[in-house]
Amino acid sequence: MREFLRGLISTIREYLVRHFKWFDEKLPYIITVIIGLILVVGGINLFIELTETLTTDTLAYYDEQITQFFVANRTPGLTKYMLFVTYVGDVHGYLIVLALCILVTTLVFKRWKWVLQISLVLALSAVSNMILKRFIDRARPGIEHMVSVETLSYPSGHAMSAMAFYGFLIFIFYRFKMNPMLKIASILLLASLILSIGISRIYLGVHFPSDIVGGFIAGFIWVVFCVLLFYTIELFRRDPKT
């Protein structure tokens, strides 16, 4: 049965290539665009659905229960860690990481475009977050804040920027030609940092859990959109037929 399906797929593909010359040349672009659009549209739909439930009693219950869990398990050592990662996800933290990225990409890889791409993803995330906060206008949690905050609550800017910035770094590391174990370790470290930054905002009392989820979804949308954009541009540049 498996051989039959392989033969059938091969026959269909050969027919399409023979009768539609553009099929073989454009297939990578078509697949990339379709997958990217599905993820972006699906992410936007999920973000909208979550936003529409912000005022429901069910979401308020889960927000409160999860928040109380983290508040009840505060310890001096854990608080120091949460303060550290939340500062890593702040403006100054990103400036430091961007400076390190510039040094590494220019001195080691000599690829300026990566710095420009990372900066663009972070800028798009930051600007859209400010717009969404003002449009949705959700107040911060009423519990004690362990760090000072001045903006609105939903979606979390820390969570959104962490997902966009470090999520795009994960994509870059995924494309690196490097030791597989080192690559996996780097990706897991970045993924852990994203999760830690999000949790730190709940732990410190400045965000509802739903703020973090909304920020992660919105940040993921920007990662997929930018990866789709940059990857498609790169494919077109490499293919002389386009």
Side-chain angles (χ1 to χ4, degrees), residues 26-67 70 89 94 117-141 151-175 187 190-202 206-236:
K26 306 298 183 182
L27 182 59
Y29 311 115
I30 295 172
I31 293 176
T32 302
V33 170
I34 290 175
I35 293 176
L37 287 176
I38 290 174
L39 290 174
V40 170
V41 173
I44 292 174
N45 183 63
L46 185 60
F47 181 83
I48 292 174
E49 289 187 1
L50 175 61
T51 304
E52 290 177 346
T53 65
L54 291 180
T55 57
T56 62
D57 293 336
T58 301
L59 186 62
Y61 171 79
Y62 285 112
D63 274 342
E64 182 179 357
Q65 293 300 309
I66 296 172
T67 299
F70 284 108
Y94 288 117
Q117 290 175 353
I118 294 171
S119 301
L120 178 61
V121 174
L122 183 60
L124 288 172
S125 173
V127 172
S128 60
N129 181 261
M130 289 188 293
I131 295 173
L132 287 171
K133 280 180 181 291
R134 290 190 175 277
F135 180 75
I136 298 170
D137 194 27
R138 189 188 200 188
R140 297 273 182 173
T151 59
L152 295 165
S153 192
Y154 182 90
S156 166
H158 275 69
M160 188 170 173
S161 296
M163 179 61 75
F165 184 84
Y166 294 109
F168 193 78
L169 280 181
I170 289 175
F171 167 73
I172 292 178
F173 269 97
Y174 174 76
R175 300 189 66 192
I187 291 175
L190 291 171
S192 299
L193 183 58
I194 293 172
L195 184 61
S196 294
I197 290 174
I199 292 176
S200 73
R201 306 304 285 173
I202 306 172
V206 294
H207 274 296
F208 298 103
S210 52
D211 296 337
I212 306 304
V213 175
F216 281 160
I217 295 172
F220 179 75
I221 292 171
W222 279 122
V223 172
V224 175
F225 175 81
C226 290
V227 167
L228 172 64
L229 176 64
F230 300 145
Y231 183 61
T232 304
I233 291 174
E234 182 178 334
L235 283 175
F236 272 87

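In what follows, residues are counted from 1 in the order of the sequence shown. Values reported hereafter were calculated over all heavy atoms of this structure, with side chains retained and with hydrogens, waters and symmetry mates removed.
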ring-ring contact (aromatic ring centres under 6.0 Å, His included) partners for Phe225, two or more places apart: Trp222

Any residue meeting ring-ring contact (aromatic ring centres under 6.0 Å, His included) with Phe216, in chain and number order, not counting sequence neighbours: none

Using the side chain to side chain contact (heavy atoms under 4.5 Å, CB included) criterion, which residues pair with [X]? Sequence neighbours excluded.
{"X": "Thr67", "answer": "Val71, Ile143, Ile202, Pro209"}
{"X": "Leu190", "answer": "Tyr166, Leu169, Ile170, Phe173"}
{"X": "Ser161", "answer": "Tyr94, Leu122, Ser125"}

Distance check, rounded to the nearest 0.5 Å: [X] atom [atom1] versus [Y] atom [atom2]?
{"X": "Arg201", "Y": "Arg140", "atom1": "CZ", "atom2": "CZ", "value": "6.0 Å"}
{"X": "Leu54", "Y": "Asp137", "atom1": "CG", "atom2": "CG", "value": "11.5 Å"}
{"X": "Ile199", "Y": "Ser192", "atom1": "CD1", "atom2": "OG", "value": "10.0 Å"}

Could you list the donor-acceptor pairs under 3.5 angstrom formed by side chains in residues 41-50, with sequence neighbours left out?
{"from": "Asn45", "atom 1": "ND2", "to": "Glu49", "atom 2": "OE2", "distance (Å)": "3.3"}

Could you go through Phe171 and Phe168, starting from their C-alpha distance and side-chain angles, then the distance that decides it, and tell me whether this counts as ring-ring contact (aromatic ring centres under 6.0 Å, His included)? CA-CA 5 Å; Phe171 167 73; Phe168 193 78; 5.7 Å; yes

For Met160 and Pro155, the nearest pair of non-hydrogen atoms, with its separation, is SD-CG, 4.2 Å

Is it the case that Tyr154 and Ser210 place a side-chain donor and acceptor less than 3.5 Å from each other? no

Side chain to side chain, Leu228 and Leu39, heavy atoms closer than 4.5 Å: no

If a pair satisfies salt bridge (charged side-chain N to carboxylate O under 4.0 Å, His left out) and one of its residues is in residues 206-225, list it, with sequence neighbours excluded. Arg138-Asp211

